[in-house]
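Here the structure comes first, spelled out in structure tokens, and everything after it is commentary.
Chain letters run A, B, ... following the sequence lines, proteins first, then strands; residues in each count from 1.
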Protein chains: 2
Amino acid sequence: MDTPLREPTFLILTALAGAPLHGYGLIREVAALSDGRVTLRPGTLYGALDRLVDAGLVDVDREEVVDGRLRRYYCLSPVGDATLAAETERLRRNVEAATARLRERAHAARPATPRAAGGLA
Amino acid sequence: MDTPLREPTFLILTALAGAPLHGYGLIREVAALSDGRVTLRPGTLYGALDRLVDAGLVDVDREEVVDGRLRRYYCLSPVGDATLAAETERLRRNVEAATARLRERAHAARPATPRAAGGLA
DNA sequence: CTTCTATGTGTCGGCCACCGTAATACCTTC
DNA sequence: GAAGGTATTACGGTGGCCGACACATAGAAG
């Protein structure tokens with residue numbers, strides 16, 4: 001799990017950082033906090049949950065039985081909390097680096113600054 | 001290529017947003033802008049470059065021959081520029097969502113702020 | 001001279017997270 | 001009783017990344 005988190009996994013941890021949720025609730029919460037851009041598939045969700053529990057980033061909070069069906073709630077472990085914080089910091093640095101370069105690029109492409117703009121032709 | 005970019009690919013585009021670079025220069029540039037956390041392997045680098053050129057996000061800028069060996073420079077295409085900008089925005093939203101939830105969490109765990117901290121119990 | 005390290009590009013096999021889909025099961029609504 | 005939302009589980013496929021290797025040149029170290 002030292003691999004950088006992919007987006008679905010990152011969003012699962014982010015959703016669980018707010019409150020314990022069960023699988024189907026996670027699908028809706030992730031859709032909500034990504035403005036509908038990310039829709040978790042069952043294969044992604046439960047596969048990720050198994051991995052995260054196995055890695056100790058997520059714990060099983062409790063299990064309820066509603067209408068004869070099992071409903072398992074997951075919550076973020078302290079390790080998961082720290083991992084999410086570290087991962088967020090890493091992403092923040094990447095975003096800042098990319099933003100800085102894109103900004104320089106916009107300046108170079110738009111010679112609105114009169115100084116030394118049109119070198120050639 | 002509608003899959004969200006993984007970290008190595010994202011950093012390659014970010015590096016190319018600064019200036020055209022050849023393969024080995026990319027390895028060093030990515031290492032620099034990630035503070036040494038990401039070291040591109042040849043398999044990752046050239047595989048990614050082939051994909052990016054094929055997808056139209058990266059163009060071959062020019063080819064030089066130094067000491068009898070080919071040195072190929074790559075640069076970011078307009079499509080790659082737009083993709084990197086969109087990807088950066090997506091990451092920024094994810095970072096903000098995670099940061100907000102982590103902050104709420106820290107407040108809940110540490111009721112050090114006397115005002116309206118412990119709502120329950 | 002040989003060996004090691006750095007520069008530099010390229011290929012191949014394998015892993016694993018994610019995806020797509022279907023199956024299962026209960027309840028409510030039409 | 002067919003349809004649709006809730007909820008979990010299982011399985012095969014795809015694709016990006018990694019690890020290791022191959023090849024070539026040049027300078028430093030032994």
Side-chain angles (χ1 to χ4, degrees), chain A residues 1-13 15-16 20-32 34 37-55 57-58 60-74 83 87 90 94, chain B residues 1-13 15-16 20-32 34 36-55 57-58 60-74 80 83 87 90 94:
Chain A
M1 190 56 66
D2 52 354
T3 309
L5 300 179
R6 312 270 251 300
E7 188 174 37
T9 308
F10 182 83
L11 291 176
I12 288 172
L13 291 185
L16 289 179
L21 288 169
H22 62 285
Y24 203 80
L26 269 170
I27 293 179
R28 287 179 297 191
E29 180 66 13
V30 166
S34 69
R37 293 189 319 278
V38 176
T39 303
L40 291 179
R41 305 297 188 279
T44 304
L45 173 64
Y46 293 103
L49 284 175
D50 287 345
R51 270 181 286 115
L52 291 171
V53 169
D54 196 65
L57 303 188
V58 164
V60 174
D61 190 56
R62 64 187 187 278
E63 293 181 347
E64 292 179 357
V65 175
V66 179
D67 295 325
R69 288 204 313 281
L70 184 64
R71 186 180 292 179
R72 188 153 31 225
Y73 282 80
Y74 298 87
T83 300
E87 199 69 6
R90 192 175 57 76
N94 288 349
Chain B
M1 190 56 65
D2 51 354
T3 308
L5 300 179
R6 310 273 252 304
E7 188 173 40
T9 307
F10 181 84
L11 291 176
I12 287 172
L13 291 186
L16 289 180
L21 288 168
H22 62 284
Y24 203 78
L26 270 169
I27 293 178
R28 286 180 300 191
E29 180 65 13
V30 165
S34 69
R37 295 190 318 278
V38 176
T39 303
L40 290 180
R41 306 298 190 277
T44 304
L45 173 65
Y46 293 104
L49 283 176
D50 287 346
R51 268 182 287 114
L52 291 171
V53 169
D54 196 65
L57 303 187
V58 164
V60 174
D61 189 56
R62 66 188 187 279
E63 294 180 345
E64 291 178 358
V65 175
V66 178
D67 294 326
R69 290 203 313 278
L70 185 65
R71 186 181 291 180
R72 194 160 14 232
Y73 282 78
Y74 298 89
T83 301
E87 198 70 5
R90 192 176 55 75
N94 288 349

Can you tell me the distance, in whole Å, between the [atom1] atom of [X] and the [atom2] atom of [N]?
{"X": "A:Glu64", "N": "C:dC26", "atom1": "CD", "atom2": "C1'", "answer": "16 Å"}
{"X": "A:Arg41", "N": "C:dA17", "atom1": "CZ", "atom2": "P", "answer": "19 Å"}
{"X": "B:Glu63", "N": "C:dT9", "atom1": "CD", "atom2": "C1'", "answer": "12 Å"}
{"X": "B:Leu49", "N": "C:dG10", "atom1": "CG", "atom2": "P", "answer": "9 Å"}
{"X": "B:Arg6", "N": "C:dA17", "atom1": "CZ", "atom2": "P", "answer": "10 Å"}
{"X": "B:Leu40", "N": "C:dT7", "atom1": "CG", "atom2": "C1'", "answer": "16 Å"}
{"X": "B:Leu5", "N": "D:dC17", "atom1": "CG", "atom2": "P", "answer": "8 Å"}

Among A:Arg72, A:His22, A:Arg71, the one residue meeting side chain to side chain donor-acceptor pair (under 3.5 Å) with A:Glu63: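 It is A:Arg72; the other options fail the test.
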Side chain to side chain contact (heavy atoms under 4.5 Å, CB included) between B:Leu11 and B:Leu26, worked out: CA-CA 9 Å; B:Leu11 291 176; B:Leu26 270 169; over 6 Å; no
For B:Ala15 against B:Leu21, the heavy-atom pair lying closest together: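 The pair with the smallest heavy-atom distance is O-CD1, 4.1 Å.
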Minimal non-hydrogen separation, B:Tyr74 against B:Leu49, with atom names: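 What the structure gives for the nearest pair is CE1-CD1, 3.5 Å.
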B/S/- contact track for nucleotides 7-12 of chain D, protein heavy atom under 4.0 Å: BBBB--
Test item: A:Glu87 side-chain N/O and A:Leu5 main-chain N/O as donor-acceptor pair under 3.5 Å: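 Checking the backbone N and O of A:Leu5 against the side chain of A:Glu87, a donor-acceptor pair under 3.5 Å is found.
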Please tabulate, one pair per line, all N/O donor-acceptor pairs under 3.5 Å involving side-chain atoms of residues 37-46 of chain B, not counting sequence neighbours.
{"unit_1": "B:Arg37", "atom_1": "NH1", "unit_2": "B:Ser34", "atom_2": "O", "d": "2.7"}
{"unit_1": "B:Arg41", "atom_1": "NH1", "unit_2": "B:Thr39", "atom_2": "O", "d": "2.3"}

Phosphate OP1/OP2 of C:dA17: any A:Thr9 side-chain N/O under 4.0 Å: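 No, because none of the side-chain N or O atoms of A:Thr9 sits under 4.0 Å from OP1 or OP2 of C:dA17.
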Phosphate OP1/OP2 of C:dC18 contacted by A:Arg51 side-chain N/O (<4.0 Å):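 Checking C:dC18 against A:Arg51, a side-chain N or O does come within under 4.0 Å of OP1 or OP2.
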